[in-house]
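In what follows, chains carry the letters A, B, and so on, assigned in the order in which the sequence lines appear, proteins first and then strands, with residues in each chain numbered from 1.
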Amino acid sequence: MRLIAGDRSIESDPAERGGELLSRLWPEQEWVALRVNGELRDLLSPLGEQAAEGQIEPLKAEQLSEFPELFRHTLSHLLAQAVRAHFAAEGVEEKEIHMGVGPATQTGFYYDFDLPRALSEDELPAIEQRMHGLVSQDLPLRRAELSRQQAEQAFAYDPFKLEILSGLPEGAQVSTYSQGDFTDLCRGPHLPRTGLIPQSFRLTSTSGAYWRGDERRPMLQRIYGVAFATEPELEAYLTRLEEAKRRDHRKLGKELELFATDPMVGKGLVLWLPKGTLLREELISFLRAEQRKRGYQEVVTPHIGNLELYKTSGHYPYYADSQFAPIRVDDEEYLLKPMNCPHHIRIYAQRPRSYRELPIRMSEFGTLYRYELSGELNGLTRVRGFTQDDGHIFCRQDQLKEEFLSVLDLTLLVFRTLTLQDVRFRVGTRDPGSDKYVGGDAVWDQSERQILEAVQEVGLEYSVAQGDAAFYGPKLDLIVKDAIGRDWQLGTIQVDYNLPERFNLHYVGQDGGLHRPVMVHRAPFGSLERMIGILIEHFAGDFPLWLAPEQVRIIPITDRHLGYAEEVARLLQESGFRAGSDAGSERMSAKVRSAELAKVAVTLVVGDREEAERTVSLRGEGGKSRPLSLPDLLAELSERRGRRSA
RNA sequence: GCCAGUGUAGCUCAGCGGUAGAGCAACCGAUUCGUAAUCGGUAGGUCGUCGGUUCAAAUCCGACCUCUGGCUCCA
């Protein structure tokens, strides 16, 4: 067969190994891997028939930064070899250590083991040392191909490997990779020798992980590592972790007295402290005002609902596992509200609706309760009680796309205002192989097509995630990047043909007949709890003026300036600012420090000069201050607040 | 829910069989000071809870609870 390498054409054979081909082409150079038609391959594997007419691209060690999965995957094998050696040192036979899977991850690698005893995190440095040693030994990797039957004999001691093999077709060929005395079943690709692995890796943690992610299967011990091509990249990653830790909303939430959780109240239930409540109320009134402009009507519905309501909607028993158990009252059962939509639907159904009043856009800041697994609960991002900025649009089919676009517009406005600029879409469609969905194929096809059209019209980057749909309809998730580049899934818009049908909703059309409305579910924030958690981390607690719980603090230089400080504070308060003066007996610089630590949005200092001139000294970025007259101060702060900028 | 770790004053942490400690914060007093820490004093803890071992437990053992890192799930 013929292959193309740059501007050269070369004759090869499907059985020829990548490495052999490259050393024929460039005998003096050392390569670490190659790409065939863009697909990453290792030097040890035969090119295969599908390489014919393919474009060959050799990769040098210097290019490993671009293909970290190469050394990360090889490192997971080294980890397995090191773990075996570690246990061999205490007399454990290597075949007693069974292994699950060990792939590369986004930042490193892991491997799952079934070990004779619990591994402590204190043992990781010793295992890591062994791994560094294996790299230094520069062991060559060997690849072998064998039939499924041969592999089953070779790995007869390991039930997990056998299970992997049993999932392959009868006559399948599999490959193994070995270095030193260690052999693992693996598809590759791998580096050709361990000496090419950068030493910039670290074992970071251990955890439990179910075999094949299934909670009914045994739990294995997972060891995680991080690995980068160069030491500076590893350092940069570890610095990012530090930065994330510094911004942790649980830590900042406590320090800034925004929220608390209390075991006596119940886990996963958030207590909003006064400062956090201010933040929350600002977000709510911002969205409420935007929704009014867009013709939403706000409603309020109870925190519990009759179980029949959720049986009709289909939420019960479908989501019974993640709901609080029903409450029995007399002869009826009630559920803590896991969803607002059934309540809103019953509001729609209070009286006959005309095509003239559609679309009806109903919104509610509705508090929901879901029974999340206790091990899942986490700060504000995973809780058992939360408030959704929920909304449901009931419209005619011909209005659907416009409504969908308008929701998209609102959601993007919300994100831009919160300075979450980098947004992309993910369209969740149904999994054709699953039967969990309600409703027919025709409506599903229709709604999936409408979402895609709307998304394409907006023109932002989007992807399609098959199988990500809700049980009642396809959905659109918005994924945003925060200030330190982390992705968050926020806001969700869903088209729903099924609930209107289950509740038998209709409207009277122009033709006098009854028609079925379409529903759009949407929540730009998603949950206020989660959104605020993300915002705390995005801003690292330094909220823009409009959101800052404490907006202005006025620091008098000595006690004799306190009267003037209070006068300035009152002036600001009259314009609706959350302002106060610091009457403590500390030195001015200590008060400045306290204001910084409390992350007050604006710090003003007043002394003799300011009092005489009726000005304030506004403390800006990096401690640089500038004088401002009181009218200018009010104008500047009002403008900043109005623009919702920092 | 499962695996592993963790828990000492409001916060950060020391103490690891022999009478509970520090810094910061709080409170009191002095100080009145120009953009990230003024000085002195006072108060604050059934060492997560319950049980066990011991003459003696914050310290050793067990159970439970919280929280943390994962697994799994997310309408």
Side-chain angles (χ1 to χ4, degrees), chain A residues 100 110 112 115 118-122 204-224 245 248 250-251 254-255 257 260-264 266-268 310 313-316 318-323 338-342 368 370-379 381-383 386 388 390 428 436 438 468-473 475 477 489 492 494 496 498-499 521 523 526-527 530 555-562 584-598 603-610 617-620 622-626:
Chain A
Y110 68 80
D112 289 345
L115 299 172
L119 188 79
S120 146
E121 237 154 79
D122 303 337
T204 53
S205 58
T206 61
S207 76
Y210 297 110
W211 167 236
R212 302 212 144 167
D214 184 339
E215 62 188 333
R216 292 162 306 197
R217 309 297 305 272
M219 181 159 275
L220 306 179
Q221 297 190 56
R222 177 171 296 180
I223 301 178
Y224 280 98
K245 215 168 152 189
D248 191 323
R250 294 166 304 195
K251 181 171 161 278
K254 187 174 188 97
E255 281 173 14
E257 297 186 306
T261 53
D262 186 332
M264 204 181 270
K267 50 189 167 187
Y310 304 105
S313 73
H315 290 111
Y316 192 89
Y318 190 83
Y319 286 104
D321 284 352
S322 49
Q323 289 163 356
M339 259 295 176
N340 294 306
C341 30
L368 310 179
R370 295 185 186 171
Y371 180 78
E372 304 286 355
L373 291 179
S374 63
E376 265 308 315
L377 300 173
N378 180 288
T381 53
R382 209 55 192 277
V383 290
F386 60 96
Q388 216 175 36
D390 214 350
K436 74 167 185 173
V438 285
D468 252 21
F471 78 92
Y472 51 69
K475 66 176 181 179
D477 287 324
Q489 191 217 297
T492 174
Q494 303 168 354
D496 182 357
N498 293 303
L499 285 177
H521 306 238
S527 108
R530 194 173 121 85
I555 296 174
I557 285 180
T558 74
D559 281 357
R560 68 177 178 278
H561 309 115
L562 189 55
S585 68
E586 295 297 313
R587 284 189 177 173
M588 182 267 268
S589 61
K591 292 182 182 176
V592 166
R593 180 179 143 85
S594 310
E596 288 293 339
L597 292 176
T603 304
L604 304 175
V605 174
V606 295
D608 286 335
R609 208 157 55 223
E610 287 75 17
S617 166
L618 179 120
R619 184 180 152 83
K624 279 200 216 106
S625 62
R626 66 190 157 93

Minimum-distance nucleotide to A:R370 side chain [options: B:G1, B:G34, B:A75]: B:A75
N/O (side chain, A:S205) to phosphate O (OP1/OP2, B:G69) under 4.0 Å: no
Salt bridge present between A:D214 and A:R212 (N-O < 4.0 angstrom): no
Rounded distance in Å between the C1' positions of B:A56 and B:C60: 13 Å
Any A:H521 side-chain heavy atom under 4.5 Å of A:T492 side chain: no
A:Y318 side chain near B:C73 phosphate (N/O to OP1/OP2, under 4.0 Å): no
For A:C341 against A:L499, the heavy-atom pair lying closest together: SG-CD1, 4.2 Å
A:A523 to A:Q388 - nearest heavy-atom pair and separation: CB-CG, 4.3 Å
C1' atoms of B:U54 and B:C13, separation to the nearest Å: 29 Å
Pair assignment for B:A4, Watson-Crick or G-U wobble, requiring both distances under 3.5 Å: B:U68
Candidate nucleotides B:U35, B:A37, B:C67, ranked by approach to the side chain of A:K267 - the nearest: B:C67
Sugar-phosphate, base or nothing in reach of A:G375, heavy atoms under 4.0 Å: base
A:H561 vs A:D608 side-chain heavy atoms within contact, under 4.5 Å: yes
A:S589 side chain to A:R587 side chain, donor-acceptor N/O pair below 3.5 angstrom: no
Pairwise side-chain contact, A:Q323 with A:H315, heavy-atom cut-off 4.5 Å (strictly under): yes
Comparing A:Q494 and A:W211 on RNA chain B - which has the more 5′ nearest nucleotide: A:W211
Strictly under 3.5 Å: I want the nitrogen or oxygen pairs between protein and nucleotides 3-5 of chain B, one per line.
unit_1 : atom_1 : unit_2 : atom_2 : d
B:C3   : O2     : A:G208 : N      : 3.2

Separation of atom CG in A:D321 from atom P in B:C73, rounded to whole Å: 12 Å
Sugar-phosphate only, base, or nothing, as touched by A:K254 at under 4.0 Å among non-hydrogen atoms: sugar-phosphate
Pairwise P distance for B:U59 and B:G1, with rounding to whole Å: 26 Å
Whole-Å C1' distance, B:G17 and B:A26: 34 Å
First encountered from the 5' end of RNA chain B, between A:G266 and A:E596: A:E596
OP1 or OP2 of B:A75 under 4.0 Å from side-chain N/O of A:K475: yes
Rounded distance in Å - CG (A:L597) to P (B:A25): 10 Å
Integer angstrom distance from the P of B:U42 to that of B:U6: 37 Å
Heavy-atom donor-acceptor pair, A:R560 side-chain to B:C33 base, under 3.5 Å: no
Nearest-neighbour nucleotide for the A:A590 side chain, B:U32, B:U38, B:G34 considered: B:U38
Watson-Crick or G-U wobble partner of B:C60, both distances under 3.5 Å: B:G52
Considering all heavy atoms, the nearest A:G428-A:A469 contact: O-CB, 3.6 Å
Distance below 4.0 Å between A:N378 side-chain N/O and B:G69 OP1 or OP2: yes
Spacing between A:L562 atom CG and B:C33 atom P, to the nearest angstrom: 15 Å
Atom-pair distance (CG on A:L373; P on B:C2), nearest Å: 10 Å
Residue-phosphate contact under 4.0 Å: A:R619 side-chain N/O, B:A36 OP1/OP2: yes
Same-atom distance (P) from B:G45 to B:A22, integer angstrom: 14 Å
Span that lies between the P atom of B:G48 and that of B:G7, in whole angstrom: 8 Å
Donor-acceptor pair under 3.5 Å, A:R222 side chain vs B:C71 base: no
Atom-to-atom span, CD1 of A:I555 to C1' of B:A36 - whole angstrom: 10 Å
Residue pair A:Y319 / A:P338, side-chain heavy-atom distance below 4.5 Å: no
Nucleotide forming a Watson-Crick or wobble pair with B:U35, both distances under 3.5 Å: none
Rounded distance (Å) that lies between atom P of B:U38 and atom CE of A:M588: 11 Å
Counterpart base for B:G10, defined by Watson-Crick or G-U wobble contacts under 3.5 Å: B:C24
Neighbour count >12 (heavy atoms, 6.0 Å) for atom NZ, A:K251: yes
Nucleotide nearest A:Y224 (side chain, heavy atoms from C-beta), chosen from B:C74, B:A36, B:C71: B:C71
Distance below 4.0 Å between A:R250 side-chain N/O and B:G69 OP1 or OP2: yes
Touch class at under 4.0 angstrom, heavy-atom based, for A:E610 against every strand present: base
Residue A:Q323, side-chain heavy atoms: nucleotide from B:U35, B:G34, B:A75 that is nearest: B:A75
Verdict with reasoning, A:S313 to A:M339, per side chain to side chain contact (heavy atoms under 4.5 Å, CB included): CA-CA 10 Å; A:S313 73; A:M339 259 295 176; over 6 Å; no
Sugar-phosphate, base or nothing in reach of A:S589, heavy atoms under 4.0 Å: sugar-phosphate
Protein-nucleotide distance (A:R587, atom CZ; B:G34, atom P), rounded to Å: 8 Å
Of the listed nucleotides B:A37, B:G34, B:G1, the one nearest the side chain of A:S374: B:G1
Span that lies between the P atom of B:C67 and that of B:G15, in whole angstrom: 27 Å
Touch class at under 4.0 angstrom, heavy-atom based, for A:S585 against every strand present: base
Distance, rounded to the nearest Å, where A:Y210 contributes OH and B:G1 contributes C1': 6 Å
